[in-house]
*Asks:* 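If you scroll down you'll find the structure; I have some questions about it.
Positions are given from 1, in the same order as the sequence printed here.
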Amino acid sequence: PVAVAPTPTIGSFTVNDRAGGAGTLVPVLTSLGFTISAGGFVLPSMTLANLVLVRNAGEVRPLTGAGFTFNTATGIGRLDVTSLNLPDGDYELRVAVPNGPTLVQLASVLRGDLNTDGVVDRKDQTLLRGVIGVNPGQPGYLEGSDVNGDGLVNNDDLTALRALNGRRLATVASTFI
């Protein structure tokens, strides 16, 4: 009998370098990661050309400036989107596996939603007040607390957060291709 390579599947997802499932909500999107399981077969190499990032089920976002790594032996891929400054919305990362299916990872972004409950409100302001002065990269930094993106967490971020009060996502990421 001839050995047939199994169909690749997504083994796990990460959003901002933490385990994430379908529709993971974050206040800022910095990275999307995935592990492709191929049943022991070595996967072909992949580049940014194998990836498509779609916002709100229709707007293809250019990946120019994004970083991508993929290890063919482990099947681990990571897309760094920090430099893209992605707006709020529901995102699908479509991974076109060479000679295989297109695999999809979902994540939602709502800037200012520091507690990730789906709405920007006073609870988020309370969280932000507790981390004023704790900047990105420092111990205790709260993801997304640099609301205005200037590299500092200060009262300017509190002002920017108040301006976002009441915002919600229009949709919830919940579909797969």
*Asks:* Looking at L128, is its backbone amide N or carbonyl O close enough to the side chain of D124 to form a donor-acceptor pair, meaning the two atoms are under 3.5 Å apart?
*Replies:* no
*Asks:* What heavy-atom pair brings A66 and S83 nearest, and what distance separates the two atoms?
*Replies:* N-OG, 4.1 Å
*Asks:* Specify the closest pair of heavy atoms between P98 and P44, including all atoms of both residues, with the distance to one decimal.
*Replies:* CB-CG, 3.4 Å
*Asks:* May I ask you to decide if G89's main-chain N or O and N56's side chain share a donor-acceptor pair within less than 3.5 Å?
*Replies:* no
*Asks:* Output yes when E143 and R18 qualify as a salt bridge under the 4.0 Å nitrogen-oxygen rule, no when they do not.
*Replies:* yes
*Asks:* Supply the atom-to-atom distance D121 CG to R168 CZ, rounded to the nearest 0.5 angstrom.
*Replies:* 8.0 Å
*Asks:* Flag the pair E59 / V54 as yes when at least one side-chain heavy-atom distance between them is below 4.5 Å, and no otherwise.
*Replies:* no
*Asks:* When you check the gap from the basic side-chain N to the acidic O, do R55 and D90 get nearer than 4.0 Å?
*Replies:* no
*Asks:* Taking all non-hydrogen atoms of both residues, which atom of E92 and which atom of L106 are closest, and how far apart?
*Replies:* CG-CD2, 3.3 Å
*Asks:* Are V81 and V26 linked, directly or through other ILVMFWY residues, by side chains that come within less than 4.5 angstrom of each other?
*Replies:* yes
*Asks:* Work out which heavy atom in S145 is nearest to a heavy atom in L114; give both atom names and the distance.
*Replies:* N-CD2, 3.8 Å
*Asks:* At their closest point, which heavy atom of A160 faces which heavy atom of N148, and how far apart are they?
*Replies:* CB-CB, 4.3 Å
*Asks:* Is the closest side-chain heavy-atom distance between T159 and L161 below 4.5 Å?
*Replies:* no
*Asks:* Check step by step if side-chain contact (heavy atoms from CB on, under 4.5 Å) holds for V95 and V104.
*Replies:* CA-CA 6 Å; V95 182; V104 178; over 6 Å; no
*Asks:* Heavy atoms, side chains only, cut-off 4.5 Å: are S31 and V15 in contact?
*Replies:* no
*Asks:* Determine the minimum heavy-atom distance between D113 and V120, stating which atoms define it.
*Replies:* N-CG2, 3.8 Å
*Asks:* Could you check whether any side-chain heavy atom of N135 comes within less than 4.5 Å of a side-chain heavy atom of Y141, counting everything from C-beta outward?
*Replies:* no
*Asks:* Please name the residue in the list T24, T82, N16 that meets the side chain to side chain contact (heavy atoms under 4.5 Å, CB included) test with L29.
*Replies:* N16
*Asks:* Would the distance check show the side chain of N155 and the main-chain N or O of L158 forming a donor-acceptor pair, the cut-off being under 3.5 Å?
*Replies:* no
*Asks:* Give a yes or no answer on whether the side chain of T14 reaches the backbone of G33 with a donor-acceptor pair at less than 3.5 Å.
*Replies:* yes
*Asks:* If the threshold is 4.0 Å, N to carboxylate O, is there a salt bridge linking D80 and R78?
*Replies:* yes
*Asks:* Same hydrophobic cluster for L32 and L51, using side-chain heavy-atom links shorter than 4.5 Å among ILVMFWY?
*Replies:* yes
*Asks:* CG of L79 to OG1 of T30: how many Å apart, nearest 0.5 Å?
*Replies:* 10.0 Å
*Asks:* Kindly indicate whether the side chain of L152, heavy atoms from C-beta on, has any atom under 4.5 Å from the side chain of D146.
*Replies:* no
*Asks:* Please answer: with hydrophobic residues joined when any side-chain heavy atoms are less than 4.5 Å apart, are L63 and M46 in the same cluster?
*Replies:* yes
*Asks:* In the single-linkage hydrophobic clustering (I, L, V, M, F, W, Y; side-chain heavy atoms under 4.5 Å), do L110 and L127 co-cluster?
*Replies:* yes
*Asks:* Consider side chain to side chain contact (heavy atoms under 4.5 Å, CB included). Of I76, I36, N50, which one does F70 pass it with?
*Replies:* I36
*Asks:* Could you check whether any side-chain N or O of D88 sits under 3.5 Å from a backbone N or O of R111, counting only pairs where one atom can act as donor and the other as acceptor?
*Replies:* yes
*Asks:* Quick one: pull up CD in Q105 and CZ in F34 and give me the separation to the nearest 0.5 Å.
*Replies:* 8.0 Å
*Asks:* Side-chain heavy atoms nearer than 4.5 Å, only ILVMFWY residues, links allowed to pass through others: does that put F68 and V97 together?
*Replies:* yes
*Asks:* Quiz question: by atom type and distance under 3.5 Å, do the side chains of T72 and S45 form a donor-acceptor pair?
*Replies:* no
